[in-house]
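Every chain is numbered from 1 and lettered A, B, ... according to where its sequence line falls, protein lines coming before strand lines. None of these values were measured; they are calculated from a predicted model.
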Amino acid sequence: MPRPTCPVCARPLRRDFFLREPPWVARALLGKLLVRREPGKWLAGRIVETEAYLGQDDPAAHAAAGRTPRNAVLYGPPGHAYVYLIYGNHFCLNVSCLPEGVAGCVLFRALEPIAGMAEMAHSRKLNQQQLWGQRVCLLTSGPGRLTQALAITRQRDNGKDLLAAHSDLLLLDDGFHPQRISVTPRIGITKAAERPLRYLIADNPFVSKR
DNA sequence: TTATAGATTGCCT
DNA sequence: GGCAATCTATAAT
């Protein structure tokens, strides 16, 4: 099970990390930390599952039909949060990739909780009893669950720079490297459903279900 | 102006 | 395993 290797040395990711193609970024993000900072609170999770979404050549991507007010962040500078509401109930968090003007992103599908689990449970409306045993996966295993755990919403976080040191939502590298990575087709889509663009840390219990 | 599908989740049988 | 919840971007009248 992944552990922080050097929490003191954790640092924001570099901008050029996100200047590459989404599949590369999706794979490279595994093992990095997603952190929500609030007054007196420190919520953190290790990224264990991602999916890459490309540009107009990817029918499943929001950028497939071109630029709209909704997906404008995808065409903006790399390393920024693209948050949208799905099924009227859940928010999904993505990070933009590639240079300004070129669409592409990575969807965060699951985290392994590292810090602030009690606060996450509160946001998820789970009681302390449910934190134990296999139920702990209900905290952050799934794109809608992890956003709720970290109180991520479109209104609050869409367009936010995830690499700014002062940001209350950011990505950090603490030096951890996953041992084994698996690649599978993306989940929950109907278009281009066969393309292997889902990346996960093999055997990690916080990966979302198939 | 109205209809429909959607990068999900949780509760039901 | 089935399906309702609940909103909005986009397509179809």
Asks: Check the distance between dA5(C)'s C1' and Ile86(A)'s CD1 and give it to me in whole angstrom.
Replies: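 After rounding, the reported distance stands at 14 Å.
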Asks: Taking the side chain of His90(A) as its heavy atoms from C-beta onward, which of dA7(B), dT9(B), dG10(B) lies nearest to it?
Replies: dT9(B)
Asks: Scan every strand shown for a Watson-Crick or G-U wobble partner of dT1(B), both distances under 3.5 Å, and answer none if you come up empty.
Replies: dA12(C)
Asks: For dT6(C), which nucleotide in any strand shown is its Watson-Crick or wobble partner with both distances under 3.5 Å?
Replies: none
Asks: Determine, stepwise, if the pair Thr140(A) / Glu112(A) fulfils side-chain hydrogen bond (donor to acceptor under 3.5 Å, both in side chains).
Replies: CA-CA 7 Å; Thr140(A) 53; Glu112(A) 175 175 339; over 6 Å; no
Asks: dA9(C) phosphate, OP1 or OP2: any side-chain N/O from His62(A) under 4.0 angstrom?
Replies: no
Asks: Do we get Arg186(A) above Tyr53(A)'s six-membered ring, with its NZ or CZ under 6.0 Å from the centre and within 45° of the axis?
Replies: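 Yes.
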Asks: Is Thr190(A) close enough to dG6(B) that one of its side-chain N or O atoms is under 4.0 Å from OP1 or OP2 there?
Replies: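 So the side-chain polar atoms of Thr190(A) do come within 4.0 Å of the phosphate oxygens OP1 or OP2 of dG6(B), strictly under.
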Asks: How many whole angstroms separate atom CG of Asn89(A) from atom P of dA5(C)?
Replies: 10 Å
Asks: On a whole-Å scale, what distance lies between the P atoms belonging to dC3(C) and dA5(B)?
Replies: 16 Å
Asks: Does the cation-pi check pass for Arg154(A) over Tyr84(A), that is, NZ or CZ under 6.0 Å from the six-membered ring centre and within 45° of its axis?
Replies: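 Because its charged atom misses either the 6.0 Å distance or the 45° angle limit, Arg154(A) does not stack over Tyr84(A).
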Asks: Using atom CG of Leu126(A) as one end and atom C1' of dT9(B) as the other, report the distance to the nearest whole Å.
Replies: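 In whole Å, dT9(B) C1' lies 12 Å from Leu126(A) CG.
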Asks: Assign each of Asn94(A) and Arg124(A) to its nearest nucleotide of DNA chain B by heavy atoms, then name whichever residue's nucleotide is nearer the 5' end.
Replies: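 With Asn94(A) and Arg124(A) compared, the 5'-side residue is Asn94(A).
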Asks: How far, in whole Å, is dA4(C) from dT4(B) if one measures between their P atoms?
Replies: 16 Å
Asks: In whole Å, what is the span from the CG atom of Asn158(A) to the P atom of dC7(C)?
Replies: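 Taking atom P of dC7(C) as the reference, CG of Asn158(A) is at 19 Å.
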Asks: Could you check how far OH of Tyr87(A) sits from C1' of dG10(B), rounded to whole Å?
Replies: 14 Å
Asks: Rounded off to whole Å, could you give me the CD-to-C1' distance for the Gln148(A) and dA5(C) pair?
Replies: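 From Gln148(A) CD to dA5(C) C1': 14 Å.
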Asks: Is a side-chain N or O of Arg145(A) found less than 3.5 angstrom from the main chain of Ser141(A), in a donor-acceptor match?
Replies: yes
Asks: Within this structure, what is the CZ-to-P distance between Arg135(A) and dG10(B), rounded to whole angstrom?
Replies: 10 Å
Asks: For Gln155(A), look at atom CD and say whether over 12 heavy atoms of other residues, nucleotides or ligands are found less than 6.0 Å away.
Replies: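 Yes - once you tally the heavy atoms of other residues, nucleotides and ligands closer than 6.0 Å, there are more than 12.
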Asks: Using atom NZ of Lys125(A) as one end and atom P of dT8(B) as the other, report the distance to the nearest whole Å.
Replies: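 That distance rounds to 20 Å.
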Asks: Indicate, with a heavy-atom threshold strictly under 4.0 Å, whether Arg154(A) touches base, sugar-phosphate, or nothing.
Replies: nothing
Asks: Tell me what Leu85(A) touches on the nucleic acid: a base, only sugar-phosphate, or nothing, going by heavy atoms under 4.0 Å.
Replies: sugar-phosphate
Asks: Base, sugar-phosphate, or nothing: which does Arg186(A) touch, judged by heavy atoms less than 4.0 Å apart?
Replies: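 It contacts nothing in the nucleic acid.
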Asks: Under 4.0 Å from OP1 or OP2 of dG10(B): is there any side-chain N or O of Arg145(A) that close?
Replies: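 Affirmative; the distance criterion is met.
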